[in-house]
Undergrad: 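I have a structure here, written as structure tokens, and I will follow up with some questions on it.
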Amino acid sequence: QAGGSRHPGAASSQEGPSPGPVRVEERSELRLAVADHQGSYMDIGWAFARVVDRMGAPGSKVAIYDDDPDAVPEAALRSTAGVVVDPEAEVPEDLGSRVVPAGRYAVMRYTGPYSAMHAAYLWLYGQWLPASGQEPRNHPVVEEYLTDPATTPPTRAVTDILLPLR
């Protein structure tokens, strides 16, 4: 889950970014060229810069968030920044390769600053998931960035949050 507010109720009590509707869809496997990151999820930009520096930007930017920021100390949070590459693409030795598996995902489009995204996760996991009758798959959540933070104001950033489902 992406980082953000450490005060879950704060973002929900004020106007501003809000989660969009959730759709359930089948998604194809994605192969990523990646750089690992440990620490605050808000600092993953350094890992993205490393990947883009080595690979260019061949495809979508994707992040995998391995830990729950409400359960793991910030300094120990693990995540991976990546760009989508062709299955046969060569990945430099100083980067890794990781696959986002094919399957069913709950996809929630979020518009707004990354720093306020935590409230969207709280809603997705705390309200939508229990009411949906769906069960999460044993795979970390994935974010696909549909806008470039270098050229998009934070309030207009668009991200698809992908919750893997059984």
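Counting begins at 1 with the first residue of the sequence.
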Undergrad: I need the Thr80 OG1 to Leu32 CG distance, nearest 0.5 Å.
TA: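 If I round to the nearest 0.5 Å, the distance is 8.5 Å.
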Undergrad: Applying side-chain hydrogen bond (donor to acceptor under 3.5 Å, both in side chains), can you list everything that pairs with Glu90, at least two apart in sequence or on another chain?
TA: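 Glu90 satisfies side-chain hydrogen bond (donor to acceptor under 3.5 Å, both in side chains) with no other residue.
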Undergrad: Only pairs at least two apart or in different chains count here, so list each salt bridge (charged side-chain N to carboxylate O under 4.0 Å, His left out) that has a residue in residues 26-38.
TA: Glu25-Arg27, Arg27-Glu144
Undergrad: Applying side-chain hydrogen bond (donor to acceptor under 3.5 Å, both in side chains), name anything that partners Arg166, two or more places apart in sequence or on another chain.
TA: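 Only Glu135 meet the side-chain hydrogen bond (donor to acceptor under 3.5 Å, both in side chains) criterion with Arg166.
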Undergrad: Could you pull out all residues at least two apart from Ala157 that satisfy side-chain contact (heavy atoms from CB on, under 4.5 Å)?
TA: Tyr114, Thr147
Undergrad: Which atoms form the tightest heavy-atom contact between Tyr125 and Pro130, and what is the distance?
TA: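 Minimum heavy-atom contact is O-CD, 3.3 Å.
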Undergrad: Which salt bridge (charged side-chain N to carboxylate O under 4.0 Å, His left out) pairs, counting each pair once, include a residue from residues 76-87, with sequence neighbours left out?
TA: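 Qualifying pairs: Asp67-Arg78.
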Undergrad: Measure across Thr111 and Thr155 and return the closest heavy-atom pair with its distance rounded to 0.1 Å.
TA: CG2-O, 3.8 Å
Undergrad: When hydrophobic residues are tied together by side-chain contacts of less than 4.5 Å, even through go-betweens, does Val24 share a cluster with Leu129?
TA: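 Shared cluster, yes.
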Undergrad: Under the side-chain hydrogen bond (donor to acceptor under 3.5 Å, both in side chains) rule, collect the residues that match up with Asp94, sequence neighbours excluded.
TA: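 Asp94: side-chain hydrogen bond (donor to acceptor under 3.5 Å, both in side chains) contacts with Arg54.
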Undergrad: Any idea which heavy atoms bring Pro69 and Leu77 closest together, and the distance?
TA: CA-CD2, 3.8 Å
Undergrad: What's the spacing between Ser79 OG and Asp66 CG if we round to 0.5 Å?
TA: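 Answer rounded to 0.5 Å: 7.0 Å.
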Undergrad: Under the side-chain contact (heavy atoms from CB on, under 4.5 Å) test, which residues partner Pro154, sequence neighbours left out?
TA: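 Counting only residues at least two positions away or on another chain, Pro154 forms a side-chain contact (heavy atoms from CB on, under 4.5 Å) with Pro113.
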Undergrad: Using side-chain heavy atoms (C-beta onward) and a distance below 4.5 Å, is Pro140 in contact with Tyr65?
TA: no
Undergrad: Atom CG of Asp160 and atom CZ of Arg23: how far apart are they, to the nearest 0.5 Å?
TA: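 Rounded to the nearest 0.5 Å, the CG-CZ separation comes to 5.0 Å.
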Undergrad: Considering residues at least two apart in sequence or located in another chain, which fulfil the salt bridge (Lys or Arg N to Asp or Glu O under 4.0 Å) criterion with Arg137?
TA: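 Testing Arg137 for salt bridge (Lys or Arg N to Asp or Glu O under 4.0 Å), a comparison that skips the adjacent residues, returns none.
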Undergrad: I'd like to know if Val99 and Val91 are part of one continuous hydrophobic network [Ile/Leu/Val/Met/Phe/Trp/Tyr, side-chain heavy atoms within less than 4.5 Å].
TA: no
Undergrad: Testing the basics here: between Val34 and Ser97, what is the closest heavy-atom pair and its distance to 0.1 Å?
TA: CG2-N, 3.9 Å
Undergrad: With rounding to the nearest 0.5 angstrom, report the CG to CZ distance, Leu163 to Arg104.
TA: 10.5 Å
Undergrad: If we check side chain to side chain contact (heavy atoms under 4.5 Å, CB included) with Ile64, which of these qualifies: Val100, Leu162, Val141?
TA: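 Result: among Val100, Leu162, Val141, Val100 is the only option passing the side chain to side chain contact (heavy atoms under 4.5 Å, CB included) with Ile64.
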Undergrad: Which residues satisfy the side-chain contact (heavy atoms from CB on, under 4.5 Å) test with Val51, sequence neighbours excluded?
TA: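 For Val51 the side-chain contact (heavy atoms from CB on, under 4.5 Å) partners, ignoring immediate neighbours, are Ala35, Met55, Val83, Leu95.
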Undergrad: Any non-hydrogen side-chain atom of Met108 less than 4.5 Å from a side-chain atom of Trp123?
TA: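 Touching, per the 4.5 Å side-chain cut-off.
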Undergrad: Which hydrophobic side chains are connected to Leu146, either touching it within the sub-4.5 Å cutoff or through other members that do?
TA: Val158
Undergrad: With Asp148, which residues qualify under side-chain contact (heavy atoms from CB on, under 4.5 Å), at least two apart?
TA: Lys61, Ala150, Thr151
Undergrad: If you round to the nearest 0.5 Å, how far is NE2 of His37 from CZ of Arg50?
TA: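 Arg50 atom CZ to His37 atom NE2 measures 12.5 Å (nearest 0.5 Å).
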Undergrad: Any salt bridge (charged side-chain N to carboxylate O under 4.0 Å, His left out) involving residues 112-121? Give me the pairs, sequence neighbours left out, ordered by first then second residue.
TA: none
Undergrad: Quick one: pull up OH in Tyr105 and NE2 in His139 and give me the separation to the nearest 0.5 Å.
TA: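 It is 5.5 Å, given to the nearest 0.5 Å.
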